[in-house]
Amino acid sequence: MKASIKKIISIITIAAAAFSANAQTAAQIFKASGSPVNPKVAISWNKYYDHAGITEICKKIAAAYPDLAKVESIGKSFKGRDLWVLTITDFKKGDPSKKPGMYIDGNIHSNEVQGSEFAMYTAWYLTESFNDTKYIQELLADKVFYIVPTINPDGRDSYFHQPNNGSSPRSGVIPVDNDRDGLVNEDPYDDLDGDGNIVSMRRKNPNGRFKVDPSDPNRMIQVGPEEKGDYEFLGQEGKDNDGDGLVNEDGYVFEYDPNRDWGWGWQPNYIQNGAYKYPFSLPENRAVMEFVMKHPNIAAAQSYHNAGGMILRGPGDPNDLVTYNGADLQVYDAIGKKGEELLPGYRYLVVYKDLYSAYGGELDWFYGGRGIFTYSNELWTPYLMFNKDATRDPQDNASYQFDRYLLFKDAFIPWHEFDHPQYGKIEIGGYKKNFGRAHPGFLLESDAHRNMAFTIYHCYHTPRLTIDSISEKDLSDGLKQVTAIISNSRLMPTHSNQDLKYKIERPDLITLSGAKVIASMIVENADLNISSEQKTNPETINVRNIPGLGTVTVRWIVQGSGTYTITVDSKKGGTTSKTR
Ligand SMILES: [Ca+2]
Ligand SMILES: [Ca+2]
Ligand SMILES: [Ca+2]
Ligand SMILES: [Ca+2]
Ligand SMILES: [Zn+2]
């Protein structure tokens, strides 16, 4: 009796242990190169998270790594959701607001969701890899990341939780009367079969221009000019809800474009389709703008979109062409071309030239309004399906082949019959909303990592200032000349051309303290002894810019002997000092 009770208890104990052991022990794991081996915060990167999921992940990262991560809200969305920012840096090494900053956001377009996972992956990777990766330790000692996983949480949740297709909604959720009949959202898409997806409607028609691909019943192909088809398309799933003779003419799919709302080159709706009321009329964009204004140390930015496999830079507005000149383009091109190497299938392109003209876009405000070197990556490219060029068109056969052989037909809803109130007997079918623009799960982590690597490279090349040398020369009458060479060892200058042109940020300040300064100057050419004197406040020399991969030379005439300190204070280049 006793023995059997013991036995039962031990079985229960073993079962309980097995049940609670939801993670492997460290001894069972062999580290894969370049990945955190046994992360404190376990996250699967082969799925998507809604705003509640994002909130939980941000809080877990901040709780697990208080010396590396902090989470706070930068404002509220239209519906009152918090816009979280993760500040990632080595908080034990210096004041974060004085380190060059890299800003990252995602999901400005509601359906362009994976930028949020890519942004969170970056925060997760930087914190989880910190302890055993020297490169990350050095990076976070010098730099700070501001990561806002979604700047459109209302739209994100509506994309996930409401019936949609892969392209809807692009807008946020503020109601708009699209067709000006006095009603809002009176005729949206309709999820006729209640499966959460909006797909296509087709109907048998002896004069139709489409037929079923004989090798794949999911795929519709357009018939040739001398061929007869047997199907017609009736558009996206839905019906005429308000009986005005139009189907799905007023929903929240595209009413305004949050990426036409930014205060640089903004144009009203009749010129720029999608502009809302006035620059920063959307609360989410306004919160981002205010955050960026309060963080002048932000020198670099990335705003993730989908899709197409692009590393985009501005201008979106061709009127800004003049500002993307000379030194700035060299920086943009060097980083952008490195991106093409790190991101197979992605191309480095210019918005206005390679895409379309767009006014009031986020990346133009970041660069135009704040002088910040900014890219927008269009995430996911059909190239990733078979690691070769393919079109973005979901009707392309490559998508069907990929779905069939790699996703085992999980991406497509097979055509099935439906009795439509207006069209009669129809069929409904097509790709689910999670395919075509969003990554399939098994490719999500891989491309998140590559895009993160690109943002790390981008961040690495924000300015890094050091006082290279301090030399002295005795002059007569107890005076001496102190000459300092300040170098910037990274690609980015402390002030972009745009910044210099519009005097966005104050000059860099190079101060000699601890000695009596009689005069100071910037040495323009040491060999030819050409310099320009700064007549007022000679202790602190104002330098307009410290160029990327370049130096500035400054000189003071000081009286007396003793130690003194030289301090460099740059908004986007950080601070550094040396005592002598
Ligand atoms: Ca309406
Ligand atoms: Ca449906
Ligand atoms: Ca209607
Ligand atoms: Ca409808
Ligand atoms: Zn977009």
Side-chain angles (χ1 to χ4, degrees), residues 48 50 78-79 110-111 113 154-204 210 212 216-220 231-258 268-270 273-277 281-282 394-395 399-400 403 407 409-438 440:
Y48 296 98
D50 74 358
F78 173 70
K79 292 217 161 185
S110 306
N111 64 317
V113 290
D154 297 344
R156 181 180 190 80
D157 277 17
S158 78
Y159 166 78
F160 286 139
H161 299 309
Q162 307 291 318
N164 277 299
N165 61 33
S167 298
S168 74
R170 178 181 169 91
S171 248
V173 303
I174 300 174
V176 175
D177 178 7
N178 298 24
D179 61 348
R180 302 194 174 207
D181 65 351
L183 302 167
V184 291
N185 295 349
E186 74 280 3
D187 192 347
Y189 288 152
D190 303 274
D191 183 10
L192 299 173
D193 57 0
D195 66 353
N197 285 282
I198 299 298
V199 290
S200 296
M201 302 188 288
R202 73 179 186 186
R203 180 168 62 180
K204 281 232 161 72
F210 290 88
V212 175
D216 185 342
N218 285 345
R219 183 166 178 245
M220 301 294 290
Y231 275 103
E232 63 175 331
F233 271 108
L234 297 167
Q236 296 284 294
E237 203 177 331
K239 59 189 178 189
D240 179 8
N241 305 65
D242 57 348
D244 67 349
L246 299 166
V247 177
N248 303 344
E249 81 282 357
D250 192 337
Y252 61 100
V253 170
F254 184 91
E255 295 163 324
Y256 56 89
D257 186 335
N269 197 55
Y270 69 91
N273 186 31
Y276 193 52
K277 294 182 179 169
S281 51
L282 298 170
Q395 297 305 311
S399 299
Y400 288 84
D403 179 35
L407 307 181
K409 300 196 179 182
D410 181 51
F412 199 95
I413 297 164
W415 296 98
H416 53 284
E417 288 190 353
F418 185 81
D419 278 323
H420 193 280
Q422 282 114 19
Y423 296 135
K425 208 169 165 175
I426 63 159
E427 292 165 49
I428 299 172
Y431 284 112
K432 293 177 188 170
K433 65 182 169 189
N434 65 5
F435 185 74
R437 299 180 70 115

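Counting starts at 1 for both ligands and their atoms, in listed order.
- For the pair V247/L234, no side-chain contact is recorded, criterion being any heavy-atom separation below 4.5 Å from C-beta on.
- At the Ca ion (ligand 4), the angle from OD1 in N248 to O in P188 is 80° when rounded to 10°.
- Put simply, the side chain of D250 does not reach to within 4.5 Å of the side chain of L183, judged on heavy atoms.
- Ring planes of H420 and F418: perpendicular class, angle over 60° (limits at 30 and 60°).
- Among the backbone and side-chain atoms of K239, an N, O or S atom lies under 3.0 Å from the Ca ion (ligand 4).
- If you take OG on S158 and CG on N111, they are separated by 9.5 Å, rounding to the nearest 0.5 Å.
- Here the options are K432, R437, K433, Q236, the test is side chain to side chain donor-acceptor pair (under 3.5 Å), and the partner is N165; only Q236 passes.
- Within the protein, the N, O or S atoms sitting under 3.0 Å from the Ca ion (ligand 1) are D177 OD1, D179 OD1, D181 OD1, L183 O, E186 OE1, E186 OE2, D250 OD2.
- Within the coordination shell of the Ca ion (ligand 4), defined by N, O or S atoms under 3.0 Å, N241 is present.
- The nearest N, O or S atom of D240 is not closer to the Ca ion (ligand 4) than 3.0 Å.
- Taking the side chain as every heavy atom from C-beta outward, S200 and F233 approach each other to under 4.5 Å.
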Notebook entry, point to check: So I174 and L282, side-chain contact (heavy atoms from CB on, under 4.5 Å) or not? Walk me through it.
Noted result: CA-CA 9 Å; I174 300 174; L282 298 170; 3.6 Å; yes

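- Put simply, the side chain of D257 does not reach to within 4.5 Å of the side chain of N273, judged on heavy atoms.
- Side-chain atoms of K204 and Y231, non-hydrogen and from C-beta on, do get closer than 4.5 Å to each other.
- Distances from the Ca ion (ligand 4) to the N/O/S atoms of D190 are shortest for OD2.
- If you look at Y400 and F412, their ring centroids are closer than 6.0 Å.
- In this structure the side chain of M220 reaches within 4.5 angstrom of the side chain of V212, judged on heavy atoms.
- The Ca ion (ligand 2) has D191 OD1, D193 OD1, D195 OD1, N197 O, E237 OE1, E237 OE2 as protein N, O or S atoms under 3.0 Å away.
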Item checked: Working for side-chain contact (heavy atoms from CB on, under 4.5 Å), residues R202 and F210 -> CA-CA 9 Å; R202 73 179 186 186; F210 290 88; over 6 Å; no

